[in-house]
There are 2 protein chains.
Amino acid sequence: MKLDERKFRILQAIIDDYIVTAIPVASRTISKKYDMGVSPATIRNEMSDLEELGYLDQPHVSAGRIPSNKAYRLYVDELVGSFHLDEATQRRLRDRFMVRARQIEDVVGTAAQALSELTNYTSVVMTPKQQQMRIRNLQLVQTSSSSALVVIVTDSGIVRDCVIHVHESLDSDALYAISKMLTERLSGHTLGEVEGILEELIKRSPGNENVARGISTLMDQLQGGDLPRTVRVAGTSNIFNYPEYNDVTKAKALISLLEDKERLSELMRSRGTMEFSIRIGAENGLPEMNDCTMATATYRVGQGTVGTIGIIGPTRMNYKKALSTMLFIGQQLSEMLSRSNVPLPDGSEDTI
Amino acid sequence: MKLDERKFRILQAIIDDYIVTAIPVASRTISKKYDMGVSPATIRNEMSDLEELGYLDQPHVSAGRIPSNKAYRLYVDELVGSFHLDEATQRRLRDRFMVRARQIEDVVGTAAQALSELTNYTSVVMTPKQQQMRIRNLQLVQTSSSSALVVIVTDSGIVRDCVIHVHESLDSDALYAISKMLTERLSGHTLGEVEGILEELIKRSPGNENVARGISTLMDQLQGGDLPRTVRVAGTSNIFNYPEYNDVTKAKALISLLEDKERLSELMRSRGTMEFSIRIGAENGLPEMNDCTMATATYRVGQGTVGTIGIIGPTRMNYKKALSTMLFIGQQLSEMLSRSNVPLPDGSEDTI
DNA sequence: GTTAGCACTCTCGGCTGTCGAGTGCTAATC
DNA sequence: GATTAGCACTCGACAGCCGAGAGTGCTAAC
């Protein structure tokens, strides 16, 4: 049996209907509401075929049909490429991203917020691995007589910092001198390369061992090799908008997952670096995500560095809207973080 | 009718029982389990009196009694002063706070996490107003040819930063010179005083107007006058541990509140600066908090600056445990943030 | 003042019957 | 051969009912 034109249209209609109503779709509904030009009985025959083909499920014999995950898969595969966000929303989003970026976490927070508000689903945004970022500037700032803050500015204007111990004999001027020296050596290199360079530095000028080792340890932290990267979640309570999560234990399981940043970043990391990925229901591989779809997309910071942005919603999510919003925000994020100058709004007053 | 010794003991027993079981307490339970030495019938008479006095409610005629908010109020008032956390937990908590503090947000995050894990309730921690913090050091770090990061280190080792525009003619050395000058002028002053000082600076040396104005605008932001201050929430999913929130709509309302940082900080701000405050049910003034107790305590950063730490749980919360944990963590937080040196763990290697 | 005894009330779970929605099948029709 | 009308059938949702169990309030006795 093949999936001919009409079967496909019927399947599409069923999915469209189910996405908004969340109740099993009856043959009569399709026949009337979607103007198929055939009677319910015919639709029923087709539906029966579709069920046999694995595209439809039937909760019980006297209920309508609901799309199976296989159906959603077909549906989104068909959809791919047709994602376009209306101009008005695009404009509004662009404005929203015209803010000052400081720590990458802030930008990521804005993105998560926007994404969940626009889609009404829960959004998850993960900061990228930072090995590929290039250092532009490094500076030590005295925080007490024996500690200093290392501030690293990367080529995309992103700032990272960390407190380290310093020897008491080093005053502010000495730290500045060290900063200049380090900036000279390290600028243009990626965070990933720093370790090697510092090692060499230690070999060549043994006097500075401690400086180098300090920075090196710091780098490890900043790269966050195996550490859980920062994950921002927004719109958690949105899951209650969907009857799928009227069941308290289900809701609890999902919310617990959203709170567990480790598992969540594991989940997102497993998507690899494909431009985008959609996992429907069991494809996610987690029991608490069995009636969820998680869609993710990557964004770029500079060259080669990727972060992940995603949405979590019921399998019957409004794929078209959700995905186009997500992809657009991902683009915006990439653009904003890859401009070598952090943009400042026009008319900004705080100029020195 | 007065609340004599025995009535009080009975009330206490009812509350203790209800706190753990969450089911209405029967006269027989009290008589047997709490060893009152009188028969259920006597207890019933007393309970009847207690109900008349407003300390007990009865869901329906053939159910046991549940404590009213008035009862909880009496109970916690009686409890005040007897909060003590066992040594083992204290030790564990102290260890947990022996980490590197950088941004105040990080410390606050740790505190929130610890509080929710230990109590099994939801925790909320708000960063303090920062007007009262004293500047120790200020440094400008070049982030691009036309922008710089202002890093401010306060007397408690807390770091704040912000990006500002700078004139293209200023190179790294020039920025360092400006930093030194500003540090000299501003160190020892509170963030709140900066504005005045900068104004004077502008008057005296008109050449530097832009510098000063830039920093001043920044200060406004950092103080966050009326801006919502940072609020960290942890253990959201804990609310599902309590049958009070088996109702999805209730859970949704509360979780939405927890997500709305503006309302949440408003709620916490309204507590004033008392050492601690406990609001039971309707005392919170929000419909979604009607079966919740919210307990808050203040913590200090340096002198005069206070932040708020709090827990949200069902009205029948385990007050003794919850409050002693909260108060202890508040203390730890104060201590850690008020030590003028940010502590570093022993054996730390990253020393320059 | 305390308590035993008992009638009374109310909730909860299980069971039943009805209603309505929707299907599957068959036979007639195009 | 595809489509459709008609009808029997199935199943879930819902309301109503019943009995069991929990717990009280009251009364009368101690």
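Lettering of chains follows the sequences in order, A, B, ..., and the numbering in each one begins at 1.
- The nearest whole Å value for the distance from the CD1 atom in A:Ile23 to the P atom in D:dG12 is 17 Å.
- Counting only heavy atoms from C-beta outward, the side chains of A:Ile10 and A:Ile14 approach each other to under 4.5 Å.
- Summarising the geometry, the separation between CZ on A:Arg6 and P on D:dG1 is reported as 16 Å, rounded to the nearest angstrom.
- A search for ring-ring contact (aromatic ring centres under 6.0 Å, His included) contacts involving A:Tyr34 returns nothing, not counting sequence neighbours.
- Separating the CD1 atom of B:Ile43 from the P atom of C:dT3 is a distance of 9 Å, rounded to the nearest angstrom.
- Residue pairs meeting the side chain to side chain donor-acceptor pair (under 3.5 Å) criterion with at least one member in residues 23-32 of chain A, sequence neighbours excluded: A:Ser27-A:Arg44.
- Under the rule for a side-chain contact (heavy atoms from CB on, under 4.5 Å), the partners of B:Arg9 that lie at least two apart in sequence or sit in another chain are B:Glu5, B:Met36.
- Residues forming a side-chain contact (heavy atoms from CB on, under 4.5 Å) with A:Gln58 (at least two apart in sequence, or on another chain): A:Glu51, A:Arg65.
- If you take CD1 of B:Ile66 and P of C:dT11, they are 14 Å apart, rounded to a whole angstrom.
- Pairs passing the salt bridge (charged side-chain N to carboxylate O under 4.0 Å, His left out) check and including a residue from residues 278-290 of chain A, sequence neighbours excluded, read A:Arg73-A:Glu283, A:Arg263-A:Glu288.
- Along DNA chain C, the nucleotide nearest B:His60 and the nucleotide nearest B:Pro40 are compared for position; the residue whose nucleotide lies closer to the 5' end is B:Pro40.
- Here B:Phe240 pairs with nothing under the ring-ring contact (aromatic ring centres under 6.0 Å, His included) rule; sequence neighbours left out.
- Annotation: side-chain contact (heavy atoms from CB on, under 4.5 Å) contacts of B:Leu327 (sequence neighbours excluded): B:Phe83, B:Phe276, B:Ala297.
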Close N or O pairs between protein and nucleotides 13-17 of chain D (under 3.5 Å):
none

For nucleotides 18-27 of chain D, tabulate all protein N/O to nucleotide N/O atom pairs closer than 3.5 Å, reporting atom names and distance.
| residue | atom | partner | partner atom | Å |
| --- | --- | --- | --- | --- |
| D:dG23 | O4' | B:Ser62 | O | 3.2 |
| D:dT24 | OP1 | B:Ser27 | N | 3.0 |
| D:dT24 | OP2 | B:Ser27 | N | 3.4 |
| D:dT24 | OP2 | B:Ser27 | OG | 2.6 |
| D:dG25 | OP1 | B:Arg65 | NH2 | 3.0 |
| D:dG25 | N7 | B:Arg44 | NE | 3.1 |
| D:dG25 | O6 | B:Arg44 | NH2 | 3.1 |

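- Here A:Ser39 reaches the OP1 or OP2 of D:dT4: one of its side-chain N or O atoms lies under 4.0 Å away.
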